[in-house]
**Student:** 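Input: one structure, supplied below.
Excluded from the calculations below are hydrogen atoms, water molecules and symmetry mates; all remaining heavy atoms, backbone and side chain alike, are included.
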Amino acid sequence: MAKPVSIEVWNPNGKYRVVSTKPMPGTRWINLLVDQDCRVEICTQKKTILSVEDIIALIGDKCDGVIGQLTEDWGETLFSALSRAGGKAFSNMAVGYNNVDVNAANKYGVAVGNTPGVLTETTAELAASLSLSAARRIVEADEFMRAGLYDGWLPHLFVGNLLKGQTVGVIGAGRIGSAYARMMVEGFKMNLIYFDLYQSTRLEKFVTGTLPYGEFLKANGEQPVTWKRASSMDEVLREADLISLHPILDKTTYHLVNKERLAMMKKEAILINCSRGPVVDEVALVEHLKHNPKFRVGLDVFEDEPYMKPGLAEMKNAIVVPHIASASKWTREGMASLAALNVLGKIKGYPVWGDPNRIEPFLNENAPPPAASPSIVNSKALGLPVSKL
Ligand SMILES: NC(=O)c1ccc[n+]([C@@H]2O[C@H](COP(=O)([O-])OP(=O)(O)OC[C@H]3O[C@@H](n4cnc5c(N)ncnc54)[C@H](O)[C@@H]3O)[C@@H](O)[C@H]2O)c1
Ligand SMILES: O=C(O)[C@H](O)CO
């Protein structure tokens, strides 16, 4: 039996009991629940990743809903425990939900929420940051300075890659992949090639819009940018100078980038991963980095988080950061609010919002949110009504 976990309680006499497995940024998410007569219990245990046993102890005998984290294993055990406690509402504080067994949630009639949209630009900006840092060897140069090794300007010192006029490749041109593509095309005048299972209308609208960006550049006497949808992922890997990964993680994208595909990439290419670690075979990546010193990576996610595969930390041609792509204040507070509203919506019997790509109405702090759950990934399986708002 896991030892009792430490908790912080808001609105102790609330009619509904909602548990959050972690403290989350901001207070709006708490107020949204308290204002609707919820008792909110926030786990304040110092342990970073809670075990299934820890969460069962948190759920207890009566629990109407839980806000959980992407580091937790939400499957048969936890959803049966939540169901036994009378709960039918769960939300990940994340847009990715590969840590959730949705079939198990369906079995117990538990709604599974996620937090799309609010983190799109924040995540794309981190991917762009890693792209520039890798291209211009910022981290190596910073370490060089701090080590007192700089003894004057040199023609070859930390020479890196120019992005302008080069080709950026996006694998997975959904919300974040499309936002990243726009940033790199508009911001650095890169040519674009993307691969997705579906045509990315949001992205193609931008590059072929009323005044295509390429036409704008041409009208100003500059080289117009080009774009194309690749017929295969391998086409992107072969043609692009900079490649960023933004697919979901599921069984079809596990090790999507493996030893064979790394070998297809240009020797001086840059690979960015802000999706999920297991999308890349990290053991193969370390070997590739060892044998290709001009190949560079920027990684926000890792196959065995929180650990890196042996050898990765020693690679000077790798930049590694601890899963911070969605870590802006506005985004993290918004994620907390969306997760709370997902749980609240199920508890109150609200319908599900009709468009997870248009969640702005839930983020307006000056108006009450729509009486709907922003994003429930198994709404169809549970036969939940869709909001007509
Ligand atoms: N590092 C972070 O902190 C962070 C932050 C946000 C999101 N993410 C990850 O990014 C993912 C994408 O988020 P999003 O909001 O853009 O989701 P999204 O659903 O809008 O886009 C995902 C895209 O991947 C495409 N896809 C799926 N399988 C593919 C394949 N085999 N090849 C090519 N494309 C494929 C889909 O068609 C879709 O267009 C999330 O699922 C999450 O895992 C990570
Ligand atoms: O899936 C997500 O939302 C990220 O990994 C965390 O923000």
**Student:** Show your working on side-chain hydrogen bond (donor to acceptor under 3.5 Å, both in side chains) between Q36 and Y16 and close with a plain yes or no.
**Tutor:** CA-CA 9 Å; Q36 294 293 325; Y16 307 104; over 6 Å; no

**Student:** Please assess V170 against I193 for the test side-chain contact (heavy atoms from CB on, under 4.5 Å), listing each intermediate value before the final yes or no.
**Tutor:** CA-CA 7 Å; V170 174; I193 180 171; over 6 Å; no

**Student:** Restricting to non-hydrogen atoms, name the atom on S387 and the atom on A372 that form the minimum distance, rounded to 0.1 Å.
**Tutor:**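 Nearest heavy atoms, S387 then A372: CB-CB, 4.1 Å.
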
**Student:** Donor-acceptor pairs under 3.5 angstrom involving side-chain atoms of residues 317-329: please list them, not counting sequence neighbours.
**Tutor:**
| from | atom 1 | to | atom 2 | distance (Å) |
| --- | --- | --- | --- | --- |
| N317 | ND2 | L289 | O | 3.1 |
| N317 | ND2 | N292 | O | 3.3 |
| N317 | ND2 | F295 | O | 3.0 |
| H323 | ND1 | E305 | OE1 | 2.9 |
| H323 | ND1 | E305 | OE2 | 3.2 |
| S326 | OG | R332 | NE | 2.9 |
| S326 | OG | R332 | NH2 | 3.0 |
| S328 | OG | T122 | OG1 | 2.9 |
| S328 | OG | T331 | N | 3.2 |
| S328 | OG | T331 | OG1 | 3.2 |
| K329 | NZ | E333 | OE2 | 3.0 |

**Student:** Can you confirm whether or not the ring centre of Y307 sits under 6.0 Å from the ring centre of F302?
**Tutor:**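 No: the rings miss the under 6.0 Å criterion.
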
**Student:** Show the nearest heavy-atom pair for residues G68 and T21, with the distance to one decimal.
**Tutor:**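 Heavy-atom minimum between the residues: CA-OG1, 3.6 Å.
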
**Student:** Output every pair passing side-chain hydrogen bond (donor to acceptor under 3.5 Å, both in side chains) with a member in residues 269-284, not counting sequence neighbours, ordered by first then second residue.
**Tutor:**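 Non-adjacent pairs meeting side-chain hydrogen bond (donor to acceptor under 3.5 Å, both in side chains): N98-R276, N273-S275.
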
**Student:** Are R296 and N161 close enough that some pair of their side-chain heavy atoms sits under 4.5 Å apart?
**Tutor:**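 Yes, at least one pair of side-chain atoms sits under 4.5 Å.
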
**Student:** Quick one: are I270 and I243 in side-chain contact, heavy atoms under 4.5 Å?
**Tutor:**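 Heavy-atom side-chain distance check fails, nothing below 4.5 Å.
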
**Student:** Rounded to the nearest 0.5 Å, what separation is found between the CG atom of L50 and the CG atom of D73?
**Tutor:**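 The CG atom of L50 sits 12.0 Å away from the CG atom of D73.
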
**Student:** Taking C-beta and beyond as the side chain, do V118 and F362 meet within less than 4.5 Å on heavy atoms?
**Tutor:**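 No; the side chains remain at least 4.5 Å from each other.
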
**Student:** Could you walk me through whether N92 and N114 pass side-chain hydrogen bond (donor to acceptor under 3.5 Å, both in side chains), step by step?
**Tutor:** CA-CA 5 Å; N92 238 18; N114 72 334; over 6 Å; no

**Student:** Quick one: does D234's side chain have a donor or acceptor within less than 3.5 Å of a partner on M264's backbone?
**Tutor:**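 Answer holds: no.
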
**Student:** Measure the shortest side-chain to side-chain distance between N220 and K218 over non-hydrogen atoms and say whether it is less than 4.5 angstrom.
**Tutor:**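 Answer no - side chains too far apart.
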
**Student:** Measure from NZ or CZ of R137 to the centre of the six-membered ring of F158, then state whether that distance is under 6.0 Å and the direction lies within 45° of the axis.
**Tutor:**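 Pair R137/F158 does not count as cation-pi.
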
**Student:** Determine all donor-acceptor pairs shorter than 3.5 Å in which one atom belongs to a side chain in residues 171-181; sequence neighbours excluded.
**Tutor:**
| from | atom 1 | to | atom 2 | distance (Å) |
| --- | --- | --- | --- | --- |
| R175 | NH1 | N357 | OD1 | 2.7 |
| S178 | OG | A173 | O | 3.0 |
| S178 | OG | G174 | O | 2.7 |
| S178 | OG | S200 | OG | 3.2 |
| Y180 | OH | S131 | OG | 2.8 |

**Student:** Enter the distance from F144:CZ to D151:CG here, rounded to the nearest 0.5 Å.
**Tutor:**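 Answer for the CZ-CG pair, F144 versus D151, is 6.5 Å.
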
**Student:** Work out which heavy atom in Y194 is nearest to a heavy atom in V236; give both atom names and the distance.
**Tutor:**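 It is C-CG2, 4.0 Å.
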
**Student:** Examine W74 together with Y97 and report whether their ring centres are nearer than 6.0 Å.
**Tutor:**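 Judged by ring-centre distance (under 6.0 Å), W74 and Y97 do not meet the cut-off.
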
**Student:** Could you pull out the closest heavy-atom pair between P23 and C43, with the gap in Å?
**Tutor:**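 In terms of heavy atoms, the two residues are closest at CD-O, 3.2 Å.
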
**Student:** If I compare all heavy atoms of K22 with all of Q45, which pair ends up nearest, and what's the gap?
**Tutor:**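 That would be NZ-O, 4.0 Å.
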
